[in-house]
Structures are given as C-alpha cells and as structure tokens.
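To start, the structure itself, in structure tokens.
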Amino acid sequence: QVQLVESGGGFVQPGGSLRLSCAASGFTFSTYTMRWFRQAPGKERELVASITSTSRSTSFADSVKGRFTISRDNAKNTVYLQMNSLKPEDTAVYYCNAQSNFWTTLDYWGQGTQVTVSS
C-alpha cells in the first residue's frame, strides 16, 4: 500500500522555524519528483516547493524563496521541508506529493500536517 506520512507540524511564533518530514513507502521513491503543497482556509492549494528525483533541481514559490529549503534522502525514502523565518501567512495544512517521472498523471498524496504561525 502506498503511503506518504507527513510529520513535524505544530505551533510556532513568527520568525521561528519548523522542519517537516514526509516518509514514503509502497513505491519506488527514487523515481518520483517530490513536492510540498499547502492550503489555508478559504484559499486554493498552493505549490510550495519541489525537488527532482536525484535532487538535481529544486524550485520554490516566490512567497517562500530564501526562507524554505526542500531536500530528500532517497536511502531513507524521505523528503523534508525546512521552514525558517516563518510568517503568519505561512499558516496552512502542508501536504506531501509524489509524482512519477514515467507517468506524470500518476501521483500520491499524504494526509497533511498543520502548521500554525501565530503570536
């Protein structure tokens, strides 16, 4: 059974940091592009960051550039999102997504982890 399990969310004050993890199983992790999305109440789901299968390339939404870093460890089947200098507008449910390099319509989603940035 394919699983993507996010962890590391929680409450943090503005300016603080969190590190999200997504543990994958049930598919060939090293052949998938990994992405982090987020969705805040009343807003559309937003692509936050992506990383290719061998970490050759990464990309970030303009709103998080310079503050967030995406990385992966293919030996551990895990992708990470390091979030620094957090702002209240970063508050959202963060989702892990895996997209096949061979079949772009084949993807998987985790259940999400809540990140709340507030004073």
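Values below: every heavy atom of this structure, side chains too, minus hydrogens, waters and symmetry copies. This structure is a prediction, so every number in the text was calculated from the model and none was measured.
Between Gln99 and Asn97, the side chains place no donor N or O within less than 3.5 Å of an acceptor N or O (distance only, hydrogens not considered).
When atom types are taken as modelled, the side chain of Arg72 and the backbone of Thr33 share no donor-acceptor pair closer than 3.5 angstrom. Checking side-chain atoms of Thr52 against main-chain N and O of Ser57 turns up a donor-acceptor pair under 3.5 Å. Asn74 places a side-chain N or O within 3.5 Å of a backbone atom of Ser53 that can act as its donor or acceptor partner. Checking side-chain atoms of Glu6 against main-chain N and O of Thr113 turns up no donor-acceptor pair under 3.5 Å.
Taking both residues in full, the closest heavy atoms of Tyr95 and Gln111 are given as CE2-O, 3.4 Å, listed atom of the first, atom of the second, then distance. The minimum heavy-atom distance between Thr78 and Ser21, with the atom names listed, is CG2-CB, 4.4 Å.
For the pair Leu86 and Phe68, the minimum side-chain heavy-atom distance is below 4.5 Å.
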Residues Lys65, Asp62; criterion salt bridge (Lys or Arg N to Asp or Glu O under 4.0 Å); working and verdict:
CA-CA 5 Å; Lys65 285 182 180 177; Asp62 288 343; 3.1 Å; yes
Report the C-alpha separation of Asn84 and Ser17 in whole Å, then their side-chain angles, then the decisive distance to 0.1 Å, and conclude whether the side chain to side chain contact (heavy atoms under 4.5 Å, CB included) test is met.
CA-CA 4 Å; Asn84 299 323; Ser17 297; 2.9 Å; yes
For the pair Asp90 and Arg67, evaluate salt bridge (Lys or Arg N to Asp or Glu O under 4.0 Å) and give the outcome as yes or no after the intermediate values.
CA-CA 11 Å; Asp90 296 319; Arg67 300 188 297 118; 2.8 Å; yes
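Note: the hydrophobic cluster containing Trp36 also contains Phe29 (ILVMFWY, side chain heavy atoms under 4.5 Å, direct or indirect links).
Between Tyr108 and Phe27, the two ring planes are tilted [angle within 30° to 60°].
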